[in-house]
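Accompanying notes for the structure given below.
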Amino acid sequence: MANKNHEEEQTTLDKLNSNLGSASENIAKNKKIIFWIVGGIAIVAAFVLSYLFIYRNPKLNKAFEAYNQVEITAMGNDSIAAGEYKKVADNYSGTDAGELAKLSAAESYYNLGNYKEAAACLEGFSTSEPVLAANALVLAGDCYVNLKKYDTALEKFQKAISKADKNPQIVPRVLLKEANIYDEQKKYGDALKCYEQIKADYPQFQLGNGLDIDAYIAREKARTGK
């Protein structure tokens, strides 16, 4: 029985990981200043924290049952999922499943283009798992980019970098997001610093678009007259 519950909860978090990626992919496709996604890596670690307590607290068990029921009911329909996840988040606030429901609700609202509601869900999100926290902050930053609240977006991205603690899969992509905002604001010197930091601290990072980081550095230097 324990193994069955373990597998069900693992599936839940795997789906959340996939959904986080799809939300960021929408940004990449539709928004000029957002090109890169930060995958929901290491979500399994958040699951482990949940699993350690689920048999010691009946509320947690019910919370995960409610969360999983949304997965079944919504069947990938964000219009249904957004509201249902929010109900789970409100009903089971303070539990791991409740927190995951906030993040899932935010992702669904984001996919629907309701960036304000998505950002509101993420403002209340809390986790002790740093990589998951970093990804939530990145998604919040993406929400504020779409709301054209660029300074708030930068604040979220900078917090994400702090939470990520030099994670090579997260930090350089967030720096790219910051650089794109600075370019939008015509703060080319700040954008240059982001690109130079990527080159200095993450030399193995691949942009994935056929361009080298030096090309971006050269562009910003030209814009700043250096």
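Throughout, residue positions are numbered sequentially from 1 according to the sequence presented.
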Q) Closest heavy-atom contact between P203 and A200? A) CD-O, 4.0 Å
Q. Between atom CD of Q169 and atom OH of Y202, what is the distance when rounded to the nearest 0.5 Å?
A. 10.5 Å
Q) Which of these, K149, Q185, K177, K187, sits in a side-chain contact (heavy atoms from CB on, under 4.5 Å) with L154? A) Q185
Q. Sub-3.5 Å donor-acceptor pair from the side chain of S93 to the main-chain atoms of D90, do we have one?
A. no
Q.
Nearest 0.5 Å, please: how far is CG in N114 from OH in Y109?
A. 7.0 Å
Q: Not counting sequence neighbours, which residues clear side-chain contact (heavy atoms from CB on, under 4.5 Å) with S162? List them please.
A: none
**Q.** Minimum-distance pair of heavy atoms, taken over all atoms of A82 and L112
**A.** CB-CD1, 4.1 Å
Q. Tell me, which pairs form a salt bridge (Lys or Arg N to Asp or Glu O under 4.0 Å) where one or both residues lie in residues 192-212, sequence neighbours left out?
A. K199-D214
Q.
Ignoring hydrogens and geometry beyond distance, is a side-chain donor-acceptor pair present between E184 and N180 at under 3.5 Å?
A. no
Q. Does the side chain of L100 come within less than 4.5 Å of L132's, by heavy atoms?
A. yes
Q | Derivation and outcome, side chain to side chain contact (heavy atoms under 4.5 Å, CB included), residues D78 and E107 | A | CA-CA 9 Å; D78 289 309; E107 185 266 339; 4.3 Å; yes
Q: Looking only at non-hydrogen atoms, find the nearest pair between I72 and M75 and report the distance.
A: O-CG, 3.1 Å
Q.
Nearest 0.5 Å, please: how far is CD in E178 from CG in D183?
A. 12.0 Å
Q.
Could you go through L176 and C194, starting from their C-alpha distance and side-chain angles, then the distance that decides it, and tell me whether this counts as side chain to side chain contact (heavy atoms under 4.5 Å, CB included)?
A. CA-CA 7 Å; L176 281 177; C194 291; over 6 Å; no
Q. Under a single-linkage definition using a 4.5 Å side-chain heavy-atom cutoff for Ile, Leu, Val, Met, Phe, Trp and Tyr, are Y110 and L147 assigned to the same hydrophobic cluster?
A. yes
Q.
Are S104 and Y67 packed together at the side-chain level, in the sense that at least one heavy-atom pair is separated by less than 4.5 angstrom?
A. yes
Q) Between CG of D190 and CD1 of I181, what distance do you get to the nearest 0.5 Å? A) 11.5 Å
Q | Step-by-step salt bridge (charged side-chain N to carboxylate O under 4.0 Å, His left out) determination, K62 to E65 | A | CA-CA 5 Å; K62 290 181 180 179; E65 287 176 359; over 6 Å; no
Q: Find out if a path of hydrophobic residues (ILVMFWY) with successive side-chain heavy-atom gaps under 4.5 Å connects I170 to V145.
A: yes
Q: Output the distance between atom OH (Y92) and atom NZ (K102), rounded to the nearest 0.5 Å.
A: 15.0 Å
**Q.** Whether E220 side chain and A191 backbone form a donor-acceptor pair below 3.5 Å
**A.** no
Q: For the residue pair F205 and V171, establish whether any side-chain heavy-atom pair is separated by less than 4.5 Å.
A: no
Q: Any chance you could lay out the side chain to side chain contact (heavy atoms under 4.5 Å, CB included) test for F157 and L137, step after step, and finish with the verdict?
A: CA-CA 7 Å; F157 289 149; L137 286 164; over 6 Å; no
Q) When rounded to the nearest 0.5 angstrom, what is the spacing between CD1 in I161 and CG in L175? A) 4.0 Å
Give every donor-acceptor pair under 3.5 Å between a side-chain atom in residues 116-125 and any protein atom, sequence neighbours left out.
{"unit_1": "E123", "atom_1": "OE1", "unit_2": "K156", "atom_2": "NZ", "d": "3.4"}
{"unit_1": "E123", "atom_1": "OE2", "unit_2": "Y144", "atom_2": "OH", "d": "3.1"}
{"unit_1": "E123", "atom_1": "OE2", "unit_2": "K156", "atom_2": "NZ", "d": "2.8"}

Q: Check whether the side chains of Y188 and R219 place a donor and an acceptor atom closer than 3.5 Å, and report yes or no.
A: no
